[in-house]
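Inspection log for the structure reproduced underneath, given as structure tokens.
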2 protein chains.
Amino acid sequence: MQLKELSERTGVSPASIKFYLRESLLPAGRSIHATRAEYSEHHVSRLELIQALRRVVGLNIAEIGSLLRMADGGAPRLDLLAAVQRTVLGLDDVSTEHGDLRTPAGDAVVRFRNWPDVPSDARNALNAQLALMESLGVPVTAELLDAYSQAVDAIAAVNISATTAPEDVDQLIMTAAVGMHLHGQLVLKLLALAHASHAIRRYDKDA
Amino acid sequence: MQLKELSERTGVSPASIKFYLRESLLPAGRSIHATRAEYSEHHVSRLELIQALRRVVGLNIAEIGSLLRMADGGAPRLDLLAAVQRTVLGLDDVSTEHGDLRTPAGDAVVRFRNWPDVPSDARNALNAQLALMESLGVPVTAELLDAYSQAVDAIAAVNISATTAPEDVDQLIMTAAVGMHLHGQLVLKLLALAHASHAIRRYDKDA
DNA sequence: CCTCTAGGATAGGAGCACTATCCAGTGGTG
DNA sequence: CACCACTGGATAGTGCTCCTATCCTAGAGG
């Protein structure tokens with residue numbers, strides 16, 4: 001199919017498709033002649049992936065580009081998943097500011113929960129977050145951290161057992177990124193509801 | 001003090017202060033003469049609040065404006081807190097798209113957790129999120145939701161007991177917004193770490 | 001032949017959060 | 001009393017991101 005049909009099938013305007021081509025989010029079509037190109041089903045699914053990452057997950061063009069380049073470069077799937085996690089959860093923003101600092105509290109959590117004690121982006125992000133909260137004067141007690149980590153441990157256990165990784169790399173990014181984002185948002189929303197519920201209960205008791 | 005001193009004490013450029021004045025995020029100073037105005041300590045703390053909401057929480061000007069107008073309009077504290085929650089957690093985005101739809105799953109959570117069964121923004125946001133995930137084909141099993149809700153229930157219980165509300169309204173917004181945001185981010189980061197830890201463990205076992 | 005389309009280049013535009021400039025009117029300082 | 005820094009008010013410009021539109025020529029298909 002050619003550009004116009006690709007546009008019609010995905011609902012993305014030709015101008016935007018051209019833009020994605022320029023930014024190399026979308027690989028160039030097979031060039032038939034100087035002025036004609038042929039696009040495949042792969043282009044359709046790639047465009048759908050781009051749309052999902054933009055509209056649902058809310059990544060920007062640069063972030064999408066870096067993930068897709070990794071995928072196209074044949075990076076190991078575990079590296080890819082790590083990159084997806086970094087990008088989707090915005091771990092970069094927090095963790096790159098400081099170096100590889102460790103916080104006692106962060107280490108305690110890992111020991112307490114019996115999580116493997118290996119350095120990781122998530123680990124750094126946690127430490128950075130704890131440092132940030134410290135610096136802003138928001139208290140994080142050991143007790144609170146214990147409750148939080150126990151809760152997320154339970155969540156992660158359920159979550160991971162409910163997941164199967166697809167073969168196709170684009171598909172892998174799609175499910176991983178969309179899943180991570182949506183589950184994160186779900187937890188945030190549940191947390192808000194739980195918080196409101198507890199507040200109401202306490203308010204009723206006080207009144 | 002006058003504008004320049006206000007700028008120096010808060011680290012916000014005079015141009016930005018003027019901008020905030022124009023957008024009425026910052027109340028006008030007491031006008032001494034046609035060309036001179038006097039700012040108070042309240043302006044300093046208000047500016048710090050604006051900075052925190054912008055830089056830390058990541059709200060935009062319109063959102064900050066709406067919260068501050070509520071505060072200045074003497075809205076009830078509970079309404080204010082609800083608005084803060086809506087804004088900080090982005091509950092508006094999701095929940096306004098659909099109406100007041102209820103999902104069986106959302107209701108089940110509330111009953112199961114014995115949370116007060118009253119309509120709320122958080123409730124709507126949860127239902128909307130569940131509907132969204134449904135529509136995107138991301139499965140949310142009752143089992144998963146149960147685990148999630150149990151976990152956040154525990155978190156909320158700890159969280160709320162560790163909080164005391166300040167008297168000053170600006171201060172209330174500051175602690176509520178910053179606290180909500182940072183705790184939400186903390187949970188997300190912990191979740192990422194827990195997820196990674198479980199993945200590593202499963203990977204090791206498989207290998 | 002005529003119309004349509006591709007690709008390439010470049011420019012335009014919208015939204016956001018500032019930032020800069022210009023203005024004329026003062027306050028206080030020397 | 002002259003002068004300069006500073007004021008509020010107005011308006012325009014900047015940098016960023018993500019597109020969208022226009023213009024061009026070469027070539028395909030009816």
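Throughout, a chain's letter reflects where its sequence line sits, starting with A, and its residues are numbered from 1.
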Checklist entry - Can D107(B) and R123(B) be counted as an ion pair, charged N to O under 4.0 angstrom? => result yes

Checklist entry - Are R9(A) and E41(A) ion-paired here, with the side-chain N under 4.0 Å from a carboxylate O? => result yes

Next on the checklist: What's S13(B) touching, base or sugar-phosphate or nothing? Going by heavy atoms closer than 4.0 Å.
Outcome noted: sugar-phosphate

Next on the checklist: Any base atoms under 4.0 Å from K4(A), or only sugar-phosphate, or nothing? Heavy atoms, all strands.
Outcome noted: sugar-phosphate

Next on the checklist: Are there over 12 heavy-atom neighbours, none belonging to E134(A), within less than 6.0 Å of that residue's CD?
Outcome noted: no

Next on the checklist: For E8(A), I'd like to know if atom CD has over 12 heavy atoms of other residues, nucleotides or ligands within 6.0 Å.
Outcome noted: yes

Taking [atom1] from [X] and [atom2] from [N], how many angstroms apart are they, rounded to a whole number?
X      : N       : atom1 : atom2 : value
I64(B) : dA17(C) : CD1   : P     : 8 Å
E38(A) : dT5(C)  : CD    : C1'   : 14 Å
I32(A) : dA6(C)  : CD1   : P     : 11 Å
R22(B) : dC16(C) : CZ    : C1'   : 14 Å
R36(A) : dG7(C)  : CZ    : P     : 9 Å
Q2(A)  : dT3(C)  : CD    : P     : 19 Å
L21(B) : dT19(C) : CG    : C1'   : 15 Å
M1(A)  : dT5(C)  : CE    : P     : 16 Å

Next on the checklist: Nearest to the F19(B) side chain among dC18(C), dT5(C), dG25(C), which nucleotide is it?
Outcome noted: dC18(C)

Checklist entry - In Å and rounded to the nearest 0.5 Å, what is the CG to CE distance from L182(B) to M180(B)? => result 12.0 Å

Item to check | Any S16(B) side-chain N or O less than 4.0 Å from OP1/OP2 of dT19(C) | outcome: yes

Next on the checklist: Just N and O in the side chain of R54(B): are any of them under 4.0 Å from OP1 or OP2 of dC18(C)?
Outcome noted: yes

Next on the checklist: Strictly by ring pair (Phe, Tyr, Trp, His ring centres under 6.0 Å), give each pair with a member in residues 19-39 of chain B just once, sequence neighbours left out.
Outcome noted: Y39(B)-H43(B)

Item to check | Y20(B) vs E5(A), nearer the 5' end of DNA chain C by closest nucleotide | outcome: E5(A)

Item to check | Position toward the 5' end of DNA chain C (nearest nucleotide), A34(B) or R55(B) | outcome: R55(B)

Next on the checklist: Closer than 3.5 angstrom, by distance alone: can the side chain of Q129(A) be matched with the main-chain N or O of Q185(B) as a donor-acceptor pair?
Outcome noted: no

Checklist entry - Taking 5' to 3' order, which nucleotide of DNA chain D is first and which is last to have an atom within less than 4.0 Å of a heavy atom in chain B? => result dC6(D) to dT11(D)

